[in-house]
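Have a look at the structure below before the remarks.
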There are 2 protein chains.
Amino acid sequence: MVQYNCPPLDLSFAALSDATRRGIIDQLGQGDASITSLADTFQMTLTGMKKHIQVLERAGLVVTQKVGRVRTCKLGKRGLGAEAEWIEAHRKLFQTRFEALDEIISELEKEGNDEPAS
Amino acid sequence: MVQYNCPPLDLSFAALSDATRRGIIDQLGQGDASITSLADTFQMTLTGMKKHIQVLERAGLVVTQKVGRVRTCKLGKRGLGAEAEWIEAHRKLFQTRFEALDEIISELEKEGNDEPAS
DNA sequence: TAAATACTGAACTATATGGTTCAGTATAAT
DNA sequence: ATTATACTGAACCATATAGTTCAGTATTTA
């Protein structure tokens, strides 16, 4: 039986499934930030923000470094390559599947630009 | 022609964060399947598989239809467009960030330990 | 030295997830 | 009419998540 086990994707997709964490990535894309400034931006306690950062760190999406009393967070070098690969590969799979059912799909789409569901 | 009835990214990324569910998508890419055959493939109870399918359905990644006593699962028309968009946009963000902070990143990698030994 | 700042960890709450078993219902096959 | 098949729902379990408060420690700053 094929093993579909892929821990890094588990961790990164789980990390991306939270709007606050996606927001943190947005924010870090603008520049590095401390836990305090992120907690302030997202109106959350320091402890709560630290947990989000830990989730992002475990997924390799963020790295942090503590200098003095300030922990600075930045985007991880790992990036989103593996996730992009999986998504792209399977996006094609979806499309292929629909092409195989082209006659049915195109018929449905002719009935309206949106969902044909009544 | 992108997303119309698009459930939030929260739901789809959460759905993709489980290896079994990613495997189900692989499987459905090969052809439609019943709950029973999927449960068999992934060595799981029917009830367990039904829960996974429900998660995928809520995310819009899978649609199902019950005919007689068999519920057939197939890939949802929604696809992975919204997810691909988010990932691609942010992948560029990561890259831009690294170019800007190349020297700092390499310094981080040299240190490795950010916790003072107390 | 004293006080403010920045973070950390433990503990708690509430809810979700991933899985099970068990007891059904509806449908198909014999 | 029986029986087997396919699914469904409720209930349960263990663990994880998303957040909090509270009590610290370590580091600046005044």
Side-chain angles (χ1 to χ4, degrees), chain A residues 1 3-25 27-28 31-59 61-74, chain B residues 7-25 27-28 32-59 61-74 108 111 113-118:
Chain A
M1 163 178 160
Q3 286 294 83
Y4 289 103
N5 196 20
C6 190
L9 283 182
D10 281 33
L11 291 178
S12 50
F13 280 135
L16 294 178
S17 75
D18 183 87
T20 297
R21 284 192 294 263
R22 291 196 303 277
I24 291 168
I25 290 177
Q27 192 69 25
L28 294 182
D32 301 345
S34 66
I35 305 275
T36 294
S37 72
L38 289 169
D40 189 53
T41 300
F42 294 93
Q43 303 188 78
M44 185 177 302
T45 58
L46 278 177
T47 309
M49 179 51 65
K50 179 134 194 288
K51 286 191 179 183
H52 280 303
I53 293 298
Q54 282 169 339
V55 171
L56 289 164
E57 271 198 287
R58 259 183 270 127
L61 297 174
V62 161
V63 294
T64 71
Q65 183 189 27
K66 194 165 184 179
V67 174
R69 59 187 171 178
V70 179
R71 180 171 296 276
T72 298
C73 309
K74 53 191 76 178
Chain B
L9 288 177
D10 284 38
L11 290 179
S12 48
F13 280 136
L16 295 178
S17 74
D18 182 87
T20 298
R21 284 192 294 265
R22 291 195 304 276
I24 292 169
I25 290 176
Q27 190 71 25
L28 295 181
D32 301 347
S34 67
I35 305 276
T36 293
S37 71
L38 290 170
D40 189 52
T41 299
F42 294 95
Q43 302 187 346
M44 187 178 296
T45 59
L46 279 176
T47 308
M49 180 52 66
K50 180 137 194 290
K51 285 192 179 182
H52 280 304
I53 293 298
Q54 282 171 339
V55 171
L56 288 164
E57 271 199 286
R58 258 184 272 126
L61 299 174
V62 162
V63 294
T64 73
Q65 183 186 24
K66 193 167 184 178
V67 174
R69 58 185 171 179
V70 179
R71 179 171 296 277
T72 299
C73 309
K74 54 189 77 181
L108 255 185
E111 300 200 9
N113 179 10
D114 62 350
E115 292 293 320
S118 70

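FYI, side chains are in, hydrogens and waters are out, and symmetry mates aren't considered; it's all heavy atoms of this structure. Convention: sequence-line order gives letters A, B, ...; per-chain numbering from 1.
Between A:Arg71 atom CZ and D:dT27 atom P the separation is 12 Å, expressed in whole Å. Taking atom CD of residue B:Gln54 and atom C1' of nucleotide C:dG18, one finds them 13 Å apart after rounding to whole Å. Between the CG atom of B:Asp18 and the P atom of C:dA16 there is a distance of 18 Å, rounded to whole Å. Rounded to whole Å, atom C1' of C:dT8 lies 15 Å from atom CE of A:Met49. Rounded to a whole Å, the CG atom of B:Asp10 is 11 Å from the P atom of C:dT17. One atom, CZ of A:Arg22, and another, P of D:dA18, lie 11 Å apart when rounded to the nearest Å. As a whole-Å value, the separation of B:Leu38 CG from D:dA6 P is 13 Å. Regarding A:Ile53, its CD1 atom lies at a distance of 16 Å from the P atom of C:dA6, rounded to whole Å.
Near-neighbour residues of DNA chain C inside residues 61-70 of chain B, defined by a heavy atom below 4.0 Å, number-ordered: B:Gly68, B:Arg69.
In this structure, of D:dG19, C:dG19, C:dT8, it is C:dG19 that holds the atom nearest to the side chain of B:His52. Out of D:dT17, D:dT8, D:dG19, the shortest distance to the side chain of A:Thr20 is found at D:dG19.
Residues forming a side chain to side chain donor-acceptor pair (under 3.5 Å) with A:Thr72 (at least two apart in sequence, or on another chain): none. By the side-chain contact (heavy atoms from CB on, under 4.5 Å) test, B:Ser37 pairs with B:Ala33, B:Ser34, sequence neighbours left out.
Expressed to the nearest 0.5 Å, how far CD of B:Gln27 lies from CG of B:Asp32 amounts to 11.0 Å. To the nearest 0.5 angstrom, A:Asp40 atom CG is 13.0 Å from A:Ile35 atom CD1. One finds the CD1 atom of B:Ile53 at 11.0 Å from the CG atom of B:Leu46 (value rounded to the nearest 0.5 Å). The line from NZ of B:Lys50 to CZ of B:Arg71 is 6.0 Å long, rounded to the nearest 0.5 Å.
Put simply, the side chain of A:Arg21 gets close to the backbone of A:Ala14: a donor and an acceptor are under 3.5 Å apart.
When each of A:Lys51 and B:Leu46 is assigned the nucleotide of DNA chain D bearing its nearest heavy atom, the one mapping closer to the 5' terminus is B:Leu46.
Side-chain to base pairing of A:Thr47 with C:dG9: one donor and one acceptor N or O lie within less than 3.5 Å of each other.
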